[in-house]
Amino acid sequence: MNKFLLRSALTGALGGLLFGFDTAVIAGTTYALKGHFALTPFALGFTVSIALWGTVLGAMGAGPIGQRIGSRGTLRIMAVLYVLSAFGCALAWNWHIFLIARFIGGLGIGGSSVLGPVYIAELAPPDYRGRLVGLFQINIVVGILLAYFSNFVIASFHLGAMEWRWEFGVAAIPAVLFLLMLFGIPHSPRWLAAKGRVDEARETLRTIGVPNPESELDEIVTAIHLDTASSEEPLFKRQYLLPILLAAGLAAFNQLSGINAVLYYLNDIFVSAGFSRMSGALQAVIVGAVNLVATIFAMTLIDKLGRKALLLIGCVGMVISLSGVAAIFMTGRWRGALIYFVTGYTASFALSSGSVIWVYMSEIFPTRIRAKGQALGSTVLWVMNGLISLAFPPLAAKSAALPFVFFAIVMAAQFFVTLAFYPETRGLSLEELQKKLRLNGA
């Protein structure tokens, strides 16, 4: 793995940092937004979830655009959207402008969630693919941690009514960096080959250090059948039913774990258990740090233990931790243990679905529909995320324990579904996976 490959993968993964920062930063602002815009519980849920509906559209649109102009070009558009969103939120003069700015940021998040992993997967050799695509998830949790830490630091300055504006505005710094770095990386060799630009694909393979670029190029060309119109291949065909179901199921379970609802309302969860707002902000930083450590640990295991084993281990941990959180809110006792259950839950998610999902969805679709398949999985994920985030505040207002009971039951169900239906993808090239999933005929 040479420096150019690593730099390109890190650049593609930087979209994950903005993804994590933009989604988590709102956790420290919900109280201020509620007061500033006089929001009801439902209106707060809508304010939090509006970015996610932008994310749904971004995920749906990114696949076709990525097939046409490439992942690199599309990621540049996403970077511009991130910059616009950061300034728009910071300068919003009313609720509607704030919603529009968050929606624009959601478009960037959705596009990045689709094409960041696709770009890295199409660049990476099989032995490193899990870890390199996993950089995207690591950057998501780094972004989450940075958002929590940034919120805590800004809150410590006691800026009053301006505090929430600064918390959103600082996202412009990594967004501009992402945009600049995207001008120093190549197109994916698989996309180049799919567009008939075989010489450029060969040169890119040499540049990223592929040991036998001619052989690799032959495999790529064979896999896409020299079909320069690969972007016209429909996703919804019977032969693709298996990867569609695998991606949609994994994406739905990812959000039905409740992870993003918990991350968005993390400060409020600690406050509702009796902690102060500053204490809640500090404990959010601790949760973010544990999330990062667990994700890095998962990256050392994903190409050794495999994707399926990590999913199963994580499900068990999440069921135990979510049950503990539910018990605390049901009984009103052992509130000091809340931080341990929440960090245990976050670590279990990071070790399993959080680290596996982007790798798995980028692997199971053939080249000719990979961006579209990734877009489908991401769309399912963000629709579920939006619905759960919208419903969480009104549900938690009625019963703080109820959401966590539901999440625990769903994670128990995921354990058995994964055990029965999900194949292992570890150690296989993307072309070998097509054969394993019987996707070569077309």
Side-chain angles (χ1 to χ4, degrees), residues 5-25 51-52 54-63 65-67 69-86 102-124 129 131-147 170-188 191 251 254 260 263 291-292 295 299 354-355 357-359 361-362 370-371 374-375 377-379 381-382 385:
L5 171 61
L6 185 59
R7 188 182 77 191
S8 299
L10 284 170
T11 300
L14 187 57
L17 185 143
L18 288 159
F19 171 162
F21 193 100
D22 269 34
T23 52
V25 70
L52 306 175
T55 300
V56 171
L57 289 182
M60 291 172 63
I65 297 172
Q67 296 282 17
I69 68 173
S71 298
R72 184 189 69 176
T74 312
L75 286 172
R76 289 175 181 174
I77 297 173
M78 301 304 116
V80 172
L81 294 177
Y82 278 128
V83 174
L84 292 175
S85 176
R102 287 291 290 169
F103 184 83
I104 289 171
L107 292 173
I109 293 169
S112 296
S113 72
V114 172
L115 294 177
V118 165
Y119 176 78
I120 300 167
E122 293 191 346
L123 219 62
R129 191 175 60 246
R131 278 164 283 183
L132 287 178
V133 177
L135 287 173
F136 189 82
Q137 175 62 21
I138 288 177
N139 270 9
I140 291 175
V141 296
V142 168
I144 291 170
L145 175 57
L146 283 177
V170 293
I173 298 171
V176 171
L177 177 63
F178 180 43
L179 179 60
L180 294 175
M181 290 180 67
L182 283 167
F183 285 90
I185 63 173
H187 278 298
S188 151
W191 180 81
N254 179 279
N260 279 331
L263 293 178
N291 191 17
L292 174 59
T295 301
M299 290 303 99
S355 299
I357 185 168
W358 304 112
V359 175
M361 290 199 305
S362 69
R370 184 166 296 120
Q374 184 89 355
S378 294
T379 300
L381 184 149
W382 293 114
N385 189 355

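- Here the straight-line distance linking atom CG of L18 with atom CD1 of I173 works out to 11.5 Å at 0.5 Å rounding.
- In this structure L146 satisfies the side-chain contact (heavy atoms from CB on, under 4.5 Å) test together with L17, F21, V142, sequence neighbours excluded.
- Under the side chain to side chain contact (heavy atoms under 4.5 Å, CB included) rule, L292 has a single partner from I144, I138, I140, which is I138.
- Contacts of N291 classified as side-chain hydrogen bond (donor to acceptor under 3.5 Å, both in side chains), with partners at least two apart in sequence or in another chain: none.
- Y82 approaches F19 most closely through the heavy-atom pair OH-N, 3.5 Å.
- Applying the side-chain hydrogen bond (donor to acceptor under 3.5 Å, both in side chains) criterion to N254, with sequence neighbours excluded, gives S353.
- Under the side chain to side chain donor-acceptor pair (under 3.5 Å) criterion, no residue pair touches residues 5-23, with sequence neighbours excluded.
- Between L132 and L6 the shortest side-chain heavy-atom distance falls below 4.5 Å.
- Contacts of V56 classified as side-chain contact (heavy atoms from CB on, under 4.5 Å), with partners at least two apart in sequence or in another chain: W53, M60, T379, W382, V383.
- When all heavy atoms of A251 and G377 are compared, the closest pair comes out as CB-O, 3.1 Å.
- Looking at residues two or more places apart in sequence or on another chain, you find a side-chain contact (heavy atoms from CB on, under 4.5 Å) between L177 and L14, M181.
- The line from OG of S85 to CE of M78 is 12.5 Å long, rounded to the nearest 0.5 Å.
- For the residue pair A172 and A86, the shortest heavy atom distance occurs at N-CB, 3.5 Å.
- The line from CG of L75 to CG of L179 is 11.0 Å long, rounded to the nearest 0.5 Å.
- Looking at I77 and I69, their side chains come closer than 4.5 Å, going by heavy atoms from C-beta outward.
- S188 pairs by the side-chain hydrogen bond (donor to acceptor under 3.5 Å, both in side chains) definition with E122, not counting sequence neighbours.
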Next on the checklist: Checking L381 against I357 for the side chain to side chain contact (heavy atoms under 4.5 Å, CB included) test, could you report, in this order, the C-alpha distance in whole Å, the side-chain angles of both residues, the deciding distance, and whether it holds?
Outcome noted: CA-CA 10 Å; L381 184 149; I357 185 168; 3.4 Å; yes
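- Shortest non-hydrogen contact noted between P117 and S112 is CD-O, 3.5 Å.
- Across every non-hydrogen atom of G54 and L107, the tightest pair is O-CD2, 3.2 Å.
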Item to check | Evaluation steps, side chain to side chain contact (heavy atoms under 4.5 Å, CB included), between V141 and L145 | outcome: CA-CA 6 Å; V141 296; L145 175 57; over 6 Å; no
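- The side-chain contact (heavy atoms from CB on, under 4.5 Å) search around S71 returns L115, V118, Y119, not counting sequence neighbours.
- In this structure, CZ in R76 is found 10.0 Å from OG1 in T74, a value given to the nearest 0.5 Å.
- V25 and R102 make their closest contact through CG1-NH1, 4.2 Å (heavy atoms, listed as atom of the first residue, atom of the second, distance).
- Here the CZ-CG distance, from F136 to L10, works out to 13.0 Å after rounding to the nearest 0.5 Å.
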